[in-house]
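Accompanying notes for the structure given below.
These numbers come from a predicted model, not from an experiment. Remember, it's 1-based here, ligands and their atoms both numbered in the order they're listed.
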Amino acid sequence: MSGGTRTSGPAATRVLVINSGSSSVKYQLLDMADDERLASGVVERIGEPGGVADHMAALRQVSAELAERGLGLDSPELAAVGHRVVHGGTRFTGPTLITDQVLAGIEELVPLAPLHNPANITGIKVTRELRPDLPQVAVFDTAFHATIPEAAHRYAIDAATADRYGIRRYGFHGTSHAYVSRAAAELLGKAPAEVNVIVLHLGNGASASAVRGGVCVDTSMGLTPLEGLVMGTRSGDLDPAVVFHLARVAGLDIDAIDSLLNKKSGLLGLCGVNDMREIGHRMAADDERAQLAFDVYVHRLRRYVGAFMAVLGRVDAVVFTAGVGENSAAVRAAAMAGLEGFGIVLDPERNAVRASGARFVSADSSSVAVAVVPTQEELEIARDTYALARG
Ligand code: ADP
């Protein structure tokens with residue numbers, strides 16, 4: 001192992017990754033010497049009955065859980081803390097060492113991500129209070145998408161208005177798209193620069209990206225994570241005039257429409273549940289609403305696959321990741337069905353295998369590989385953090 005700058009005491013090779021969301025704090029402690037995960041956990045229901053009071057209490061609980069196992073925030077092996085931050089705007093296009101100025105910059109971006117950035121900021125502030133001497137790094141969900149060309153990130157609205165208010169496509173799930181596109185190249189036995197891939201991150205939130213030679217050139221999420229694919233509770237794409245119609249005809253105010261589209265739409269809005277496993281069970285019992293929800297979800301996915309094939313021109317692999325992408329053979333099969341004309345041929349047996357590693361699910365005859373690559377967002381954040389903290 002390389003020595004770094006420390007000359008005495010144990011080598012500081014551990015990174016704590018904090019993902020501080022609106023109602024939960026997730027954490028993982030990783031040892032970067034061997035990528036081993038030493039601890040992980042989640043504190044849920046922050047501010048809800050039966051949960052902890054606030055983010056300060058949640059972070060203290062994380063700290064106590066780690067201390068109990070001899071892995072506390074005060075341990076000398078801890079090199080840095082990495083924070084997932086949802087929105088980096090145009091200012092933060094890579095992992096950034098957190099200073100007062102950087103924190104102020106992230107605060108200025110709250111209007112762009114009112115549901116996410118405030119919780120991220122609280123997580124950073126509390127961790128800094130607990131360990132003010134430790135390097136803390138912000139890793140932005142938007143950063144991987146900073147390379148998207150203007151033709152793909154600019155919305156076709158009045159340019160002056162767009163520029164004044166920072167209205168453009170930013171994209172999210174960037175750490176996942178970055179990690180998975182690289183891992184897919186590795187699976188293909190090639191360097192990232194040599195391959196073009198479409199990454200389908202299908203979790204509760206869902207997004208697609210087009211990655212050319214390791215560089216992201218398009219993505220389905222936009223100004224916020226609402227655009228694009230059908231998600232667990234988000235609508236994804238719709239005619240913007242739906243919003244006017246809901247305001248004028250249904251009499252809903254902006255907050256009600258925001259909540260409708262972000263929290264009560266998607267699979268949940270279509271059939272009453274947002275978990276693809278439950279939808280599978282209901283489809284097996286001939287539930288028509290569940291079947292329709294599945295069909296709408298898959299149709300949208302296929303539109304993006306087709307669009308990104310056209311964006312890339314040549315595609316080496318279509319890669320599925322996150323909860324649904326890694327686990328639902330049915331979604332993968334439906335999304336890839338009938339695409340032989342585009343060189344995509346799934347192997348039903350490979351696709352049906354339940355496994356935890358990165359693997360191909362396409363037939364040997366498929367000229368475009370189809371793969372499943374488990375995402376590792378925390379590891380990606382830890383690597384970015386460690387690289388920056390070591391200088
Ligand atoms: P998040 O976006 O919250 O990180 P995940 O990537 O963990 O979400 O994905 C969660 C979703 O994955 C669940 O809502 C569920 O729909 C889906 N999922 C998990 N396991 C399975 C499975 N075995 N089959 C189908 N879907 C699954």
Open item on the list: For S20, is there any backbone N or O sitting under 3.5 Å from a side-chain donor or acceptor partner on R84?
Closed with: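 It does not hold such a pair.
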
TODO: For R314, look at atom CZ and say whether over 12 heavy atoms of other residues, nucleotides or ligands are found less than 6.0 Å away.
DONE: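 Enclosed.
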
- [ ] For this output row, return yes or no: ring centroids of H145 and F172 closer than 6.0 angstrom.
- [x]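 Ring centroids of H145 and F172 are no less than 6.0 Å from each other.
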
Task: Residues in side chain to side chain contact (heavy atoms under 4.5 Å, CB included) contact with D54, at least two apart in sequence or another chain - done: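 Partners of D54 under the side chain to side chain contact (heavy atoms under 4.5 Å, CB included) test: M56, A57.
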
Task: Pair listing, ring pair (Phe, Tyr, Trp, His ring centres under 6.0 Å) test, anchored in residues 308-348, at least two apart - done: Y304-F308

Let me have the donor-acceptor pairs involving side chains of residues 33-51, under 3.5 Å, with sequence neighbours excluded, atom names and distances please.
unit_1: D34; atom_1: OD1; unit_2: E36; atom_2: N; d: 3.1
unit_1: D35; atom_1: OD2; unit_2: R383; atom_2: NH2; d: 2.9
unit_1: R45; atom_1: NH2; unit_2: G50; atom_2: O; d: 3.4

Task: Near ligand 1, at a heavy-atom separation below 4.0 Å: residues by chain and residue number - done: G203, N204, G205, N274, D275, M276, R277, A322, G323, V324, N327, S328, R354

